[in-house]
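A short worksheet on the structure shown next.
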Amino acid sequence: MDYKFWEIEPKWQQYWENNKTFKTPNDFSKPKYYVLDMFPYPSGAGLHVGHPEGYTATDIISRYKRTKGFNVLHPMGWDAFGLPAEQYAIQTGTHPAITTQKNCDNFRRQIKSLGLSYDWDREINTTDPKYFRWTQWIFTKLYNTWFDAEQGKGRPISELPIPEDVKAQGDAAVKTYISEKRLAYYDNAQVWWCQSCKTVCANEEVLTDGSHEKCGNQVVRKNLKQWLLRIPHYAERLLQGLEQLDWPEGVKDMQRNWIGKSTGAEVDFALDGLTEKLRVYTTRPDTLFGATYMVVSPEHPLLSKLTTPEAEVRVAEYVQAASLKSDLDRTELAKEKTGVFTGRYAINPVTGKQIPIWVADYVLMGYGTGAIMAVPAHDTRDFEFAQKFDIPVVCILDPKEADAETRAAVLAGNACWTEDGAYINSVNPDKGINLNGLNKKQGIETIVAWLQEQGIGKATVNYKLRDWLFSRQRYWGEPFPVIHWEDGEISLVEENLLPVTLPEMEKYEPGEGGESPLANAADWLYVTDANGRKGRRETNTMPQWAGSCWYYLRYIDPHNDEQIFDPKVENYWMPVDLYIGGAEHAVLHLLYSRFWHKVLFDLGVVSTEEPFRKLFNQGMILAFAYETATGAKIASDLVEEKDGKYFHKETGEELRQIVAKMSKSLKNVVNPDDVVEKFGADSLRLYEMFMGPLDDVKPWAENGVKGVFGFLNRACRFFGDPENITGGDEDKETLKLLHQTIKKVGDDIENLRFNTGISALMIFNNHVLKQGKVTKQTAETFAKILAPYAPHLAEELWQLYGHNETLAYESWPEVDESLFVESTFEYPVSFNGKMRFKIALPIDMPNAEVEKAVLEHESSARWLEGKTPKKIIVVPKKIINVVL
RNA sequence: GCCCGGGUGGCGGAAUUGGUAGACGCGCUGGACUCAAAAUCCAGUGAUAGCAAUAUCGUGCGGGUUCGAUUCCCGCCCCGGGUACCA
């Protein structure tokens with residue numbers, strides 16, 4: 001049978017669609033397996049070859065698990081809110097919904113052409129009002145939830161205890177108190193603003209160079225009324241939850257770093273001439289004896305009080321200058337420390353000495369208390385600062401492990417030592433404190449106990465995680481179900497009135513000064529309540545993360561108009577057993593999703609504490625590119641190859657082959673449609689999996705596609721030719737290899753090692769090609785184990801062997817381990833670790849006889865050189881090593 | 001700087017718990033088929049030396065542990081990702 005993939009593939013895709021082969025019933029009698037892809041943003045550019053990488057992997061797992069008797073949930077949908085459709089609307093006036101629809105249709109067509117076994121009846125779209133009705137519903141839940149620190153969980157706002165003193169202040173105070181506890185709140189926030197996108201962005205969306213991750217333009221600070229979510233309340237839970245997850249350690253680490261937990265202590269410093277105290281946060285309270293000055297951030301609320309009249313001018317100037325600096329200047333570029341003395345002194349509580357208080361922008365208001373005690377001898381930043389401004393450096397940790405020179409410098413206060421050591425100068429009998437002789441752990445415990453006793457400090461925990469800025473100044477997003485009333489009250493749109501849909505508009509331009517385009521939708525914007533009170537709808541929309549935060553829950557029950565989903569069904573399907581997608585979502589999407597999920601868990605909406613049990617990141621698919629000796633990139637169509645070297649077609653200059661991201665300018669973008677047309681979907685699937693380990697970054701090579709295409713051709717020609725299929729018993733060697741292959745392919749799928757699984761299939765195919773004939777049973781087994789990878793060809797073969805039904809639910813072949821039992825093993829024999837020859841011996845032969853057989857072997861004499869071996873190591877079924 | 005990954009032929013990559021380094025595929029070389037090409041098939045292919053059998057070297061570098069190290073330990077170098085004045 002010739003390999004006519006162009007006929008086979010559409011035929012089976014049609015069959016699967018007509019028969020709803022992959023429609024997933026909520027059949028609770030079977031064990032379930034939920035395999036999820038990170039759903040795509042349907043861009044106008046269509047599918048990139050990176051998409052099918054993850055999709056093929058999950059498809060192989062899905063198809064395999066079905067044959068192992070699992071009820072498999074494998075859905076697909078569209079994360080379709082987003083800026084490109086809105087920008088296109090601004091340019092052309094085309095409604096984003098129309099653009100989105102078109103793009104979704106194209107993505108669906110492309111994905112279907114790959115033969116992926118999705119249950120298309122569960123398709124979802126985040127821009128569908130029937131979907132975002134529930135996104136809005138979750139927002140109302142967040143708004144109406146507070147975090148009970150004692151119980152460590154979120155609870156309905158109706159259960160929030162109101163302190164008596166708040167009650168005494170009246171209704172307004174109670175309302176304020178409540179709104180300060182809600183997980184979602186509306187407030188003035190210093191936010192990142194992208195002038196190019198005319199919208200705010202979350203901290204997480206700003207890259208380290210101060211650019212917006214979406215567009216690459218620099219962002220600026222701006223003060224705006226915004227919606228924020230109190231994700232830091234869940235910091236500890238988000239951290240702890242990681243422990244139970246089967247996720248790549250790297251991703252867990254990134255989340256841990258992002259959450260940024262640190263343990264330390266808060267210490268109150270008395271101030272000279274003021275009754276106020278200055279509170280600092282430190283992770284090293286044990287170095288208190290070395291604190292020779294203090295620093296407050298330029299935004300510190302106490303700064304004006306601290307500043308003495310003589311210092312007023314310079315402090316004001318400094319604060320002014322700092323406020324003009326972007327955060328970028330304050331961090332990356334300006335490594336050189338700046339600061340001015342406030343004129344005020346604090347009292348070091350352990351030494352009783354006066355220490356100066358400075359203001360400097362290397363201390364950030366947003367972390368800890370916005371003030372620090374500076375220990376220049378044992379903190380590099382403080383040391384730098386102290387050196388520059390000539391502040392005393394007092395060493396209180398003797399660096400015993402350091403070399404003599406370093407040690408001397410540190411002890412003299414001329415160098416900084418941040419490692420552990422032995423405390424010195426850390427005793428004050430008057431205050432009843434002595435750390436000398438303790439180690440770091442004991443030192444911290446002792447000083448914290450002392451601070452607590454004195455009532456001037458306590459152990460504390462800090463997190464880097466900040467409130468999540470949750471609103472955007474865009475049209476194409478979920479509207480908030482919120483109304484701002486003329487009297488200042490904020491209320492939610494009632495649940496039975498959801499969804500709040502987007503108004504039709506003629507123009508989609510954002511308003512000036514940070515207003516969303518929705519501010520122009522007069523008919524939609526204004527509302528009046530039953531009492532005639534006027535109100536205005538929230539004009540911001542939710543960020544794109546909103547829809548993707550919970551989509552995996554909607555697949556479970558996508559058409560339910562009564563509830564977000566039926567809890568019985570949720571209880572069956574959750575959690576997601578395997579989630580595959582790009583590593584770029586390591587923190588943002590995955591952290592946000594976990595946060596929402598935990599809130600929903602606390603409220604009893606979902607049944608699992610974590611949404612994604614196992615996570616796997618596919619590596620990016622790159623492409624070869626070419627550059628000159630000076631590093632200039634050359635578009636691929638200007639490159640020619642000669643004898644394995646690359647030259648510029650026009651200049652003749654020799655070029656270097658490099659690996660880079662696919663890009664239009666390099667002309668090395670691979671379109672999946674072209675690959676499918678030329679080699680077929682099965683070849684594309686197979687190649688994407690054969691390129692290398694799923695999590696590796698790897699370059700696309702068209703010759704590689706030809707390689708797997710050749711394999712499918714040979715397999716099709718051999719297994720599709722009735723003359724090669726015989727009756728009778730299978731050849732022993734073939735049978736053994738077949739079972740080894742079943743085992744290898746199955747194990748490799750379970751472990752997501754698809755490249756070596758394909759290699760095993762190739763080895764088997766090469767074998768039978770040489771063998772010439774196989775039994776029908778062998779041929780059928782081959783079709784079954786090929787099916788997860790190349791389902792179209794497998795179905796075709798299966799049909800050829802006389803079956804009328806799909807093989808998608810045929811059970812996975814059993815491995816007959818007894819075939820692997822061998823009576824002899826061909827031992828590699830090495831002398832002093834170098835392999836010299838091989839000898840076949842019975843595996844149950846006693847060691848003494850093995851040694852004898854080895855030494856008597858004709859080749860041994862040559863390596864023994866007349867010597868008597870010192871030792872002979874025999875590792876059964878592994879190796880024999882003769883030690884001379 | 002700090003935290004994660006990773007360095008294996010010309011290329012993508014294999015190698016259970018330490019046990020024959022280079023599976024499988026690409027590329028290349030030679031051959032068959034063909035008027036010829038493509039396609040297909042067969043053989044070879046880590047480097048060096050040799051007609052060959054074979055030998056020596058070989059998994060980023062330098063040490064170590066071991067009968068035996070791509071694998072474990074110590075010290076470096078390089079590449080990729082994340083993060084960055086978080087006290």
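Note that the structure is predicted; figures quoted are calculated from it, not measured. Throughout, a chain's letter reflects where its sequence line sits, starting with A, and its residues are numbered from 1.
Rounded to a whole Å, the CZ atom of A/Arg284 is 11 Å from the C1' atom of B/A87. Between A/Leu694 atom CG and B/G5 atom P there is a gap of 18 Å when expressed in whole angstrom units. Counting to the nearest Å, the C1' atom of B/G12 and the CH2 atom of A/Trp700 are 13 Å from each other. If you take CE of A/Met689 and P of B/G13, they are 14 Å apart, rounded to a whole angstrom. Between A/Lys337 atom NZ and B/G1 atom P the separation is 16 Å, expressed in whole Å. Following rounding to the nearest Å, A/Gln740 (CD) and B/A23 (P) show an atom-to-atom distance of 18 Å. Between the CD atom of A/Glu688 and the P atom of B/G13 there is a distance of 14 Å, given to the nearest Å. Here the C1' atom of nucleotide B/U83 and the CD atom of A/Glu584 are 17 Å apart, to the nearest Å.
Look at A/Asn713 and you won't find any side-chain N or O under 4.0 angstrom from OP1 or OP2 of B/U40. Proximity of A/Ser262 to the phosphate of B/A87: a side-chain N or O atom is located under 4.0 Å from OP1 or OP2. Contact annotation: A/Tyr367 side-chain N/O to B/A87 OP1/OP2 distance is under 4.0 Å. Here A/Lys698 does not reach the OP1 or OP2 of B/G12: none of its side-chain N or O atoms lies under 4.0 Å away.
Relative to the six-membered ring of A/Trp247, A/Arg594 meets both conditions, a distance below 6.0 Å and an angle of at most 45° to the axis. A cation-pi arrangement is absent between A/Lys877 and A/Phe825, since the terminal nitrogen or guanidinium carbon is not both under 6.0 Å from the aromatic centre and inside a 45° cone about the axis.
The separation of B/C2 from B/C85, taken at their P atoms, amounts to 15 Å, rounded to a whole angstrom. Taking the P atom of each, B/A38 and B/A23 are spaced 27 Å apart, rounded to whole Å. If you take atom P in B/G6 and the same atom in B/G30, they sit 40 Å apart, rounded to whole Å. Taking atom C1' in both B/G5 and B/G19, one finds a spacing of 28 Å when rounded to whole Å. Spacing between B/C72 and B/G1 at atom P, rounded to whole Å, works out to 25 Å. With C1' as the reference atom, B/G60 and B/C51 are 37 Å apart, rounded to whole Å. For the P atoms, the distance linking B/G12 with B/C57 amounts to 27 Å, nearest Å. The separation of B/U16 from B/A55, taken at their C1' atoms, amounts to 32 Å, rounded to a whole angstrom.
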**Study point:** Per-nucleotide protein contact string for nucleotides 24-31 of chain B, where B marks a base within reach and S marks sugar-phosphate only (heavy atoms under 4.0 Å, - for neither)
**Key:** BSSS----
Review point. How would nucleotides 52-59 of chain B be written as a contact map, 5' to 3', with B for base contact, S for sugar-phosphate-only contact and - for no contact, using protein heavy atoms under 4.0 Å?
Key: --SSSS--
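In this structure the side chain of A/His589 never reaches within 4.5 angstrom of the side chain of A/Glu584, judged on heavy atoms. Taking 4.5 Å as the limit, every side-chain heavy atom of A/Leu686 sits out of range of all side-chain heavy atoms of A/Leu761.
A residue-by-residue look at A/Lys770 and A/Ala371 shows that A/Lys770 has its nearest nucleotide of RNA chain B further toward the 5' end. Each of A/Pro699 and A/Glu826 has a nearest nucleotide on RNA chain B; the 5'-most of these lies closest to A/Pro699.
When distances run from any side-chain atom of A/Thr756 to the nucleotides B/A14, B/C11, B/G19, the shortest one goes to B/A14. Looking at the side chain of A/Asp253, the nearest of the listed nucleotides B/A87, B/C3, B/G13 is B/C3. Out of B/G68, B/G82, B/C11, the shortest distance to the side chain of A/Asn881 is found at B/G68. Considering only the side chain of A/Pro693, B/G13 comes nearest among B/A87, B/G13, B/A15. Nearest to the side chain of A/Val363, among B/U20, B/A87, B/U83, sits B/A87.
Aromatic ring centres of A/Tyr293 and A/Phe385 lie closer together than 6.0 Å.
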Practice item. Under 3.5 Å for both distances, Watson-Crick or G-U wobble, that's the pair rule; now give the dot-bracket for RNA chain B, with | marking pairs to another strand and [ ] for crossing ones. Key: (((((((..(((......[....)))((((((.......))))))((((....))))..(((((..]....))))))))))))....
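Classification of A/Glu249 and A/Lys252 as a salt-bridged pair holds, one side-chain N sitting under 4.0 Å from a carboxylate O.
A/Ser683 and A/Tyr3 are not linked by any side-chain donor-acceptor pair at a separation below 3.5 angstrom, with hydrogens and angles left out of the test. For the residue pair A/Asp748 and A/Thr756, a side-chain donor N or O sits within less than 3.5 Å of a side-chain acceptor on the partner.
Here A/Gly368 lies out of heavy-atom contact (under 4.0 Å) with every strand. Here A/Lys871 lies in heavy-atom contact (under 4.0 Å) with sugar-phosphate atoms only.
Formation of a donor-acceptor pair under 3.5 Å by the A/Thr287 side chain with backbone atoms of A/Val375 is not found in this model. The backbone N or O of A/Phe5 sits nowhere less than 3.5 Å from a side-chain atom of A/Asp682 that would complete a donor-acceptor pair.
Ring planes of A/Trp358 and A/Phe389: tilted class, angle from 30 to 60°.
For B/C67, the base has no donor-acceptor partner in the side chain of A/Lys870 [N/O atoms by modelled type, under 3.5 angstrom]. Within 3.5 Å, no donor on the side chain of A/Lys878 pairs with an acceptor on the base of B/U20, nor the reverse.
Taken to the nearest 0.5 Å, the CZ atom of A/Arg685 stands 10.5 Å off from the OH atom of A/Tyr789. Considering NZ of A/Lys633 and CG of A/Asn668, their distance stands at 11.0 Å, rounded to 0.5 Å. From A/Ile879, atom CD1 reaches atom NZ of A/Lys838 across 10.5 Å, with rounding to the nearest 0.5 Å.
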Check your understanding: Going through the checks in order, is the side chain to side chain donor-acceptor pair (under 3.5 Å) test met by A/Thr338 and A/Tyr318?
Key -> CA-CA 9 Å; A/Thr338 60; A/Tyr318 184 78; 2.7 Å; yes
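Taking the syn range as angles within 90° of 0, the glycosidic angle of B/G10 is outside it, so the base is anti.
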